[in-house]
Amino acid sequence: METREESEGRPLDFIRQIIAEDLQSGKHHRTITRFPPEPNGFLHIGHAKSICLNFGIAGETGGACNLRFDDTNPSKEDVSYVESIKEDVKWLGFHWGKEALYASDYFPQLYEFAAALIKIDKAYVCQLSPDEIRQYRGTLTEPGKESPYRNRSVAENLDLFERMKSGEFAEGSHVLRAKIDMTSPNVNMRDPVIYRILKDHHHRTADTWVIYPMYDYTHCLSDMLENITHSLCTLEFEDHRPLYDWVLDSLNTPCHPRQIEFARLNLSYTVMSKRKLLKMVMGKYVDGWDDPRMLTISGLRRRGYTPASLRNFCKTIGIGKSESRIDMGVLENEIRSDLNVSAPRRMCVLDPIKVIIDNYPVGQVEEMAAMNHPQNPKMGERRVPFTRELYIERDDFMEDPPKKYHRLGPDREVRLRFAYLIRYVSHVTDAESGKITEIHCTYDPETRGGAAPDGRKVKGTIHWVSAEKAMPVTVRLFDRLFKVEDPEADKNVDFLDQMNPHSKIVVSNAMAEPSLMELHPDDKIQFERLGYFCADHVESLIGRPVLNRTVTLKDSWGANK
RNA sequence: UGGGGCGUCGCCAAGCGGUAAGGCACCGGGUUUUGAUCCCGGCAUCCGUAGGUUCGAAUCCUUCCGCCCCAGCCA
């Protein structure tokens with residue numbers, strides 16, 4: 001019973017249950033997991049799920065989690081990716097042992113294991129062309145047939161494999177195959193290729209090797225060499241588990257990790273495959289891997305998400321085997337609840353309309369005290385200058401408002417947050433454009449700070465900024481990258497055609513309160529009534545912030561409009 | 001029509017033979033100088049389907065249905 005519950009009383013997922021049992025039964029005394037990214041792209045939120053799982057389990061059970069780069073395909077991999085991956089894992093708040101590991105470090109051992117497989121007649125060099133290999137493999141419903149090279153002698157195989165390694169043969173001319181069963185109903189077991197010739201420059205081993213081991217062969221042995229106890233991967237590898245086990249069993253290794261598969265993460269209104277993300281980056285559909293709209297770790301970081309919010313998100317969605325698509329709202333909810341307690345409040349007007357307080361002295365400036373957080377006085381307050389001419393949000397005035405509209409309109413009185421109650425007098429409309437250019441109001445001097453001595457109620461509270469003292473800032477409003485919940489649902493439509501053309505709106509002349517002068521890159525704030533924003537850590541300077549909208553506030557009014 | 005998986009509230013997800021947790025969303029109500037936050041309440045007589053076993057089933061057995069993955073010298 002105890003093993004099913006975490007300290008917080010949350011039930012254990014099926015993987016943690018298995019591990020708890022293994023620990024209790026004494027099968028293992030310490031768990032070692034691993035996070036094995038291929039350095040061929042940036043990490044995304046789906047990887048965060050795996051990272052939180054693997055590092056999380058290690059942390060909870062006093063074990064360890066290795067960061068191991070699965071770098072067996074030099075044609076797709078690059079050092080720049082290993083750097084970004086390390087940075088992202090660290091940023092998420094996790095630590096790997098002594099140093100990062102690389103499958104490529106095991107190439108010499110892997111080669112020896114392959115030779116050993118040949119010696120026990122469980123691997124052979126095959127000279128069928130890629131095309132022929134496919135034909136010989138059979139189909140899902142028909143068995144394959146054996147390669148004519150399948151029954152070479154051990155000596156000949158050893159010689160050929162050695163010559164593959166020495167670079168004697170051309171790419172594609174020879175492969176090493178496991179000798180298993182061409183009639184297996186599991187296609188992965190029909191003599192899978194375990195080594196191929198690739199004359200590419202490897203980011204770590206340079207030109208030392210011209211033969212590279214395949215994933216199925218490499219992964220299990222790497223796990224074994226690192227004494228991994230539980231090898232956690234996604235569902236599509238379920239069919240590969242027999243091969244994982246076959247390699248280790250055939251080599252009779254001293255350690256045999258247990259592979260367990262779980263469902264990968266899908267989120268609504270986005271795509272998660274690295275291939276597709278790469279396509280968006282290369283095709284300039286977004287501004288790079290760390291574009292704030294991207295669900296990459298670096299994109300989310302730049303957007304203003306915190307490590308804790310991502311970790312909480314992963315905890316919330318849980319681990320299971322059923323394929324799911326999580327609503328974006330769940331992710332947004334996590335960052336809101338984090339920023340709600342930590343982000344200082346500020347005021348900014350995105351779409352300014354001028355308000356003139358007719359009875360306020362020209363040239364007078366008052367410094368209004370504004371709390372940095374309504375529920376947390378410890379966060380202190382700042383002063384916001386109030387003057388005769390102000391800006392309010394164009395949305396906060398309506399000529400003919402409905403009853404339920406809690407803002408400014410003809411004959412209405414509203415509160416300017418932390419300032420005064422103001423009453424509508426008149427407004428001016430530009431004859432040509434029909435746009436309202438200014439609104440005249442009067443203020444009640446008795447209501448300084450926003451409270452009416454007579455206790456009268458007003459329609460609502462709106463944010464504002466002094467027209468003279470405001471600082472113009474650039475604000476970017478981000479929205480979901482895709483128009484549809486599942487951009488991959490329709491196989492006949494290119495996912496790129498489903499992108500949301502309005503996912504990034506740049507507001508270059510928003511008006512912010514002067515305290516934003518002090519904002520540092522990466523600082524996170526809430527603009528009252530608008531949402532959470534952060535100073536873009538690439539493009540901001542102190543005194544000249546570029547703000548990214550992380551997420552809007554919940555809006556029960558906008559939703560009913 | 002080969003093999004491997006999965007089907008519990010709109011979206012996730014507990015449940016492990018004793019009579020359906022929780023979160024998000026949604027709907028009410030209260031507080032509020034952010035239509036935010038916070039608080040209170042509501043939200044599956046039912047667990048893809050049809051049978052069976054049992055005193056008792058979402059949990060065990062069988063049938064059928066639906067969905068996903070696999071035929072890279074990618075991972």
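Sequence lines set the chain letters: A, B, ... in the order given, protein chains first and strands last, and positions in each chain run from 1. Note that the coordinates shown come from a computational prediction; the quantities given were computed from them, not determined experimentally.
When heavy atoms are screened at a 4.0 angstrom cut-off, A:L553 is found touching base atoms of the nucleic acid. As judged by a 4.0 angstrom heavy-atom cut-off over every strand, A:A451 is placed among the base-contacting residues. Contacts of A:P143 with the nucleic acid, taken as non-hydrogen atoms under 4.0 Å apart, are absent. Residue contacts shown for A:Q375 include a base, since a base heavy atom lies under 4.0 Å away. A:R345 comes within 4.0 angstrom of a nucleotide base, judged by non-hydrogen atoms across all strands. Base engagement by A:Q526 is indicated by at least one non-hydrogen atom pair under 4.0 Å involving a base atom.
Taking the six-membered ring where the residue is Trp, the centroids of A:Y217 and A:Y195 are separated by under 6.0 Å.
B:rG23 atom P lies 15 Å from atom CG of A:N312, rounded to whole Å. When the P atom of B:rG3 is taken as reference, atom CD1 of A:I180 falls 19 Å away, rounded to whole Å. Nucleotide B:rC39 holds its P atom 11 Å from the CG atom of A:N340, rounded to whole Å. Rounded to whole angstrom, the span from the CD atom of A:E485 across to the P atom of B:rA25 amounts to 15 Å. Whole-Å rounding puts the A:D555 CG to B:rU37 P distance at 10 Å. Taking atom CD of residue A:E332 and atom P of nucleotide B:rU37, one finds them 13 Å apart after rounding to whole Å. Atom P of nucleotide B:rG4 and atom OH of A:Y244 are separated by 21 Å, given to the nearest angstrom. The CG-C1' distance, from A:N333 to B:rC11, rounds to 13 Å in whole Å.
For the C1' atoms, the distance from B:rC46 to B:rA58 is 9 Å, rounded to whole Å. Nucleotides B:rG66 and B:rC73 are separated by 32 Å at their P atoms, to the nearest Å. For the P atom pair drawn from B:rG29 and B:rG18, the interatomic distance equals 41 Å after rounding to whole Å. The C1' atoms of B:rA20 and B:rA57 are separated by 12 Å, rounded to the nearest whole Å. Remark: the separation of the C1' atoms in B:rC9 and B:rC47 is 10 Å, to the nearest Å. B:rC64 and B:rG52: their C1' atoms are spaced 14 Å apart (whole Å). Using atom C1' as the reference point in both B:rC6 and B:rG48, the two lie 11 Å apart (nearest Å). Taking atom C1' on both B:rC12 and B:rG28, the two are 24 Å apart, rounded to the nearest angstrom.
Contact check on A:E513 versus A:R345 returns no salt bridge, with no Lys/Arg side-chain nitrogen under 4.0 Å from an Asp/Glu carboxylate oxygen. A salt bridge does not link A:D444 to A:R423: none of the charged nitrogens lies less than 4.0 Å from a carboxylate oxygen.
In this structure A:E323 satisfies the side-chain hydrogen bond (donor to acceptor under 3.5 Å, both in side chains) test with no other residue, sequence neighbours excluded. Evaluation of the ring pair (Phe, Tyr, Trp, His ring centres under 6.0 Å) rule for A:Y420 yields A:F386, A:Y443 as partners, not counting sequence neighbours. Residues satisfying the ring pair (Phe, Tyr, Trp, His ring centres under 6.0 Å) criterion with A:F527, sequence neighbours excluded, are A:F533. For A:H44, the ring pair (Phe, Tyr, Trp, His ring centres under 6.0 Å) test picks out A:H47, with sequence neighbours left out. Applying the ring pair (Phe, Tyr, Trp, His ring centres under 6.0 Å) criterion to A:F482, with sequence neighbours excluded, gives no partner residue.
Phosphate proximity of B:rU37 to A:S337: absent, as no side-chain N or O sits under 4.0 Å from OP1 or OP2. Phosphate proximity of B:rA25 to A:K554: present, with a side-chain N or O under 4.0 Å from OP1 or OP2. For the pair A:Q17 and B:rG15, the criterion of a side-chain N or O lying under 4.0 Å from OP1 or OP2 is met.
Under the Watson-Crick and G-U wobble criteria, each requiring two contacts below 3.5 Å, nucleotide B:rG66 is paired to B:rC6. B:rC26 is paired with B:rG42 under the Watson-Crick or G-U wobble criterion, all donor-acceptor distances under 3.5 Å. Across all strands shown, B:rA58 forms no Watson-Crick or G-U wobble pair with both distances under 3.5 Å.
The side chain of A:I326 lies closest to B:rC12, out of B:rG2, B:rA13, B:rC12. The side chain of A:S556 sits closest to B:rG35 out of B:rU34, B:rA13, B:rG35.
Nearest-nucleotide assignment on RNA chain B puts the 5′-proximal partner with A:R325, out of A:R325 and A:I462.
Within 3.5 Å, no donor on the side chain of A:R241 pairs with an acceptor on the base of B:rG4, nor the reverse.
Taking 90° from 0 as the syn/anti boundary, the base of B:rG72 is oriented syn.
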Using a 4.0 Å heavy-atom cut-off to protein, can you give one letter per nucleotide of nucleotides 68-75 of chain B, 5' to 3': B if the base is in contact, S if only the sugar-phosphate is, - if neither? SBBBSBSB
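Inspection of the A:Y532 and A:Q526 side chains reveals an N or O donor paired with an N or O acceptor under 3.5 Å.
Only one option out of A:Y111, A:F169, A:F113 pairs with A:F161 in a ring-ring contact (aromatic ring centres under 6.0 Å, His included); it is A:Y111.
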